[in-house]
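Worksheet for the structure shown next.
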Amino acid sequence: MYFNQISVEGLGCLSYVIGCPAAKACMVVDPKRDIQDYLDIAREEGMRITHVINTHLHADHISGDQELRAATGADIYINGSGVTVDYVHKELNEGMVFELGAAKVEVLHTPGHTPNSISLLVTDKVRSDEPEMLLTGDLLFVGDVGRPDLPGAEILDEQVKNLYNSLYVKLADFPDHIEVFPAHGQGSLCGRGMSAKKSSTLGYERRANPMLRFKSFEEFKSDVTSAFPTRPKSFTHIISTNKAGANLLDACPMDKALTPKQFEEMMGEGAVVIDARNSAAYGGFHIPGSVNIGFEKQLANWVGMVIEPGSDILLVVDDQEDYDRMLIELHRIGYDQVFGYLSGGIMAWLNSGRPVEQLEQASPHQLSERLGGNLAVVDVRTPAEWKGARIESAIHFPLSDILDGKLPDLPRDRELVMACGTGYRSNIAAGLLRQQGFKNIQSLAGGLFAWTNAGLPTVS
Ligand SMILES: [Fe+2]
């Protein structure tokens, strides 16, 4: 049997290729939208991709199902409980079995994260007739379980009941040694506290996963509904795109090097400018109104939280390689209207005589010398981070609140220095506050990380 796990860092998506080189066939489970990895594996192993399986209707990334079908002719499978998908597919039902040579894959309906969530019980018949592993989709993660709230508040109660039954009743049939391979790992917003490890066993999760250790349904329910992770703006759009079947990437606008004039015209028509350079470069000079979302593990999640889905997007990047990287990240989460990048970068814009803005980056030492005057530090980290070490006089206003449209009641006549963990989120916050009319804004370069490394004091 052939088995391989493919990981997308940042978004925390895990997909799988399961098949049999002797039988020359394989399936791809929960594919990402950029499918080259799967095509390479299939070619190298001499297998044809015959089946594409979605373990559920994904909210956090665009499925690569349509791309794979177009490239290979494979059939797409999904369960239809509580959802009608609009593309041609085959129904996945409880008890269905796929035999691909040595690989035997059985479908279990395990709702709770979504009504149509399934898990796949995999047997390597070369080794044994007993199942070896369970692909749990977004039911059970390493160290966590799938969040039940994404399909909507109207069915939350039913979802929580289903999640409990799937985890505590249905999975109870299976022995401890079964290996667990989830659809997500650390970084994903489909859960709250996933481990960095990408697989586990049922036995270990039963011992160490706090979400499998509740004594009653009531305790489970109260915990699982106590706090939900952020729901990025992109999720609703991704769900409807996956329901309809995503457009092929070939249909997306072709990448283009745009002149400052073309850039400006498109901005005039409402295009959003994402400046993907590092925070210091953005601080130096940037196009007024652009948002700084640079390369960082969580880049795609930040785009999903900050940028309105469906927006026309223009990019400011350092080079073509960064543009290509950024394009993949954006396409993975359904931001398809990316029209191009600024040819010649920010200097071409500046040299053309167009106005630029700066976002002053205060170094930790500069900030420390100026503390106390007409200056306020606004810490935009999460409440959990805030409870740890912080700058004593800082005001707390989490970025998530600004993203939710809450405007901080901050003194507009004072200089405001945004601070976060590393200087990444503070630039995003500064950009958003400027759009809200705040003028005198700066960002703490390097964030609390650089501040502590400079030996400057914090309180907790
Ligand atoms: Fe999910």
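Start at 1 and go down the list; that is how both ligands and their atoms are numbered.
Between the CD atom of E385 and the SG atom of C420 there is a distance of 8.0 Å, given to the nearest 0.5 Å. Atom CG of L432 is separated from atom CZ of F438 by 11.5 Å, given to the nearest 0.5 angstrom.
With sequence neighbours left out, Y282 forms a ring-ring contact (aromatic ring centres under 6.0 Å, His included) with H286.
Legend: protein N/O/S atoms lying under 2.8 Å from the Fe ion (ligand 1), waters omitted, number 3.
Checking each of N54, I78, D65 against H89 for a side chain to side chain contact (heavy atoms under 4.5 Å, CB included) leaves exactly one that passes, namely I78.
Stacking of K221 on the aromatic ring of F214 is not recorded, the 6.0 Å distance cut-off and the 45° axial limit not both being met.
Ring centroid separation for the pair Y168 and F220 comes in under the 6.0 Å cut-off.
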